[in-house]
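Labels below follow one simple rule: chain letters A, B, ... track the order of the sequence lines, proteins then strands, and each chain is numbered from 1.
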Amino acid sequence: MVEHVKPIQPTWCPGCGDFGVMAAVKKGLLELKIPSEDLVLVGGIGCSGGIHNFMDGYGFHALHGRLLPTAIGVKLANPRLTVLAIGGDGDGYAIGMGHFVHSLKKNASIVYVVMNNETYGLTKGQASPTSLVGFEGNVEPPIDAVLTALSVAGSGFIARGFSGSPKEATNLITQALRYTQERNGFAFVEILSPCVTYNDTYDLWRSKVQDVGKLPGYDKSDRGKAFATCLEVMQQGKIPIGEIYMPPPEKRFRSLDASLIPDPTKGPATLDISVSANAEKYAKMLANLE
Amino acid sequence: MTKELLSGNDAVAEGVRLARAEVVAAYPITPQTTIVERLAEMVARHELAAEYIPVESEHSAMAASIGASLTGARAFTATSSQGLALMHEMLHWASGQRVPVVMANVNRALAPPWNIWVDHSDSMAQRDTGWIQLYAETNEEALASVLQAYRVAEDPEVLLPAMVMLDAFVLSHTYMPVDVPSQAAVDSFLPRYQPVARVEPGSMQLFGSFSPPDLTFMEFRRDTALAMDRARQKLLQAGKDYARLVGGEPLGLIDEYRTEDAEIVLLALGSLAAAARDTVDEFRRNGQKVGLARLRSFRPFPEEEIRSLGRKAHSVVVVERAHSFGSGGPVATEVRSALLGLPSPPAVASYIAGLGGREVTPKHLGALVERATKKETPREAWVGVKELVA
């Protein structure tokens, strides 16, 4: 189990929101009793990117913005592993934005956690894709990744938490992990994670977060209404958080890792694809296509 | 001319300001970030009349620079390591389309393992992209090289992009006294960019179009090759003109130190050369004929200069911060190739040193020269590698 952190001190500043995210991830993994040796953590670039160094489990320090394709590759080759990709907003929504949208579309059963601090913290506080207009001279309206995710038809579990509310954040991570286990799909959890050095927003965000689940009549299984509600909350100057979207149970996606592997104990890399040995099977597939 | 205390990154930004760059595309990456931060400040303070575009990746930084340059604007961007690697396909586009973008690259190691310290593997890997490559030894040279890079890149007989290299931290974050030229002097050296072809209202042209085998593809490539060859003379001329109009010593393709009668020539790039100068002085004090050739221009490669060194020396000791796996030191390989055919070519020792910021001191270099005095010139040896215990 991920009970122990590795004996490496995190490089984060004291008070960094990322500590809260790491605690939430750790508790979520413990709750579901996922053994460390079955766990793969794929980190990106930025302050968030070192998380795999500080927790028990397999660690992979991917290229800037490329953690999702790496994580999907791991999951496809060995679906028995629990795979978490954990990065930041600069990593995921700028250089890696193409991968983000396509990972929602591909729907492999991994958990993607984004620590959003609305700045490039590691390079010392430049405007990131989620920075507000006016931050460090930024003139571009920010990207809202939850709305982006809701706009992709194939999206699975979508949630947003706040590092300053650790209990709720832990619950979201647990729900995400459970979703990937039970529904075989992609779970996206953004956690608002203040940068105490370059964008200290604890008090501001605490005053602005709005758990959409507490709004009367909110239906997290209705993608269109979820989008409209989030937008409405944002227009009121609030930040929508909570379990934003959970696809209805009857909605079944073609999940990459589930559909491609007839025998779930075997990874696709071990499948026999020789033509002579599988001639009959291929003929059947061709006939079905026609 | 004013003397200022500047980091290498500050010096590059000063060079860009004096060059009156019109578009700056910026994406942060350690240890380059402060270059584009200084430029952002300059733009905000109206010291630099440029459009400043914060982009979403280095690939986009180069794409934006190419687009800007196509309109006839003087474009600049800066990067390092992974950022340069991500730009790779755009680098080919820039040279193929013949846009004179100038870029600073702070030389840093490529991952994995992750490392942010000096290493030349990032730019050496861009050897064949059709970019002029200049390696600076000092912060003042970094500034001068930015200006000279624009002058040569924009020359109608060249029209190639150029990158100016400076070593991570050793130059990028180290403060040195720098002679900052006056704007008037720079303006006399570097006039406004006059594009041969550009995107503008009122005319229609195609850029980067399709060219099948029997049309013009090979001709375009050969033109690029010829332009790079012409860049040799243009760089020499720019070095001379800069010294005359702006100041300092003329910079060439290689920079020789005490080589007049040198029997052993140390050959290094970037800030390693500063350590090598101390090594040379030490041997000279003992009456041993040792000199230094600093390779300033890797592209175009100064074949003639290397050959003329080779006519005098019995050994050339190449020390470089890069390695081409399965071949050897990229610079040593080219030095050997340049020396081929000389009546009695010197032996070329190839040392791989200082990868990922591993320290290389005058003492280390002295030991390598010492080996050359005993006619030990290994085909390839790695300096200061610890034996890993399993």
Taking a cut-off of under 4.5 angstrom between non-hydrogen atoms, the residues of residues 8-45 of chain B near chain A are Y27(B), P28(B), I29(B), T30(B), T33(B), E37(B)
Comparing S60(B), P54(B), G83(B), S57(B) against chain A, the one with the most heavy-atom pairs below 4.5 Å turns out to be S57(B)
In this structure, are over 12 heavy atoms from other groups packed under 6.0 Å from E200(B) atom CD? yes
Just wondering, more than 12 heavy atoms not from E51(B) lying within 6.0 Å of its CD? no
Sole candidate of H59(B), E58(B), E56(B), Q82(B) that passes side-chain contact (heavy atoms from CB on, under 4.5 Å) when paired with I95(A): E58(B)
Those residues of residues 108-131 of chain B that come under 4.5 Å of chain A on a heavy-atom basis, listed by number, are W114(B)
What part of I45(A) gets within 4.5 angstrom of chain B, counting heavy atoms only: side chain, backbone, both, or neither? side chain
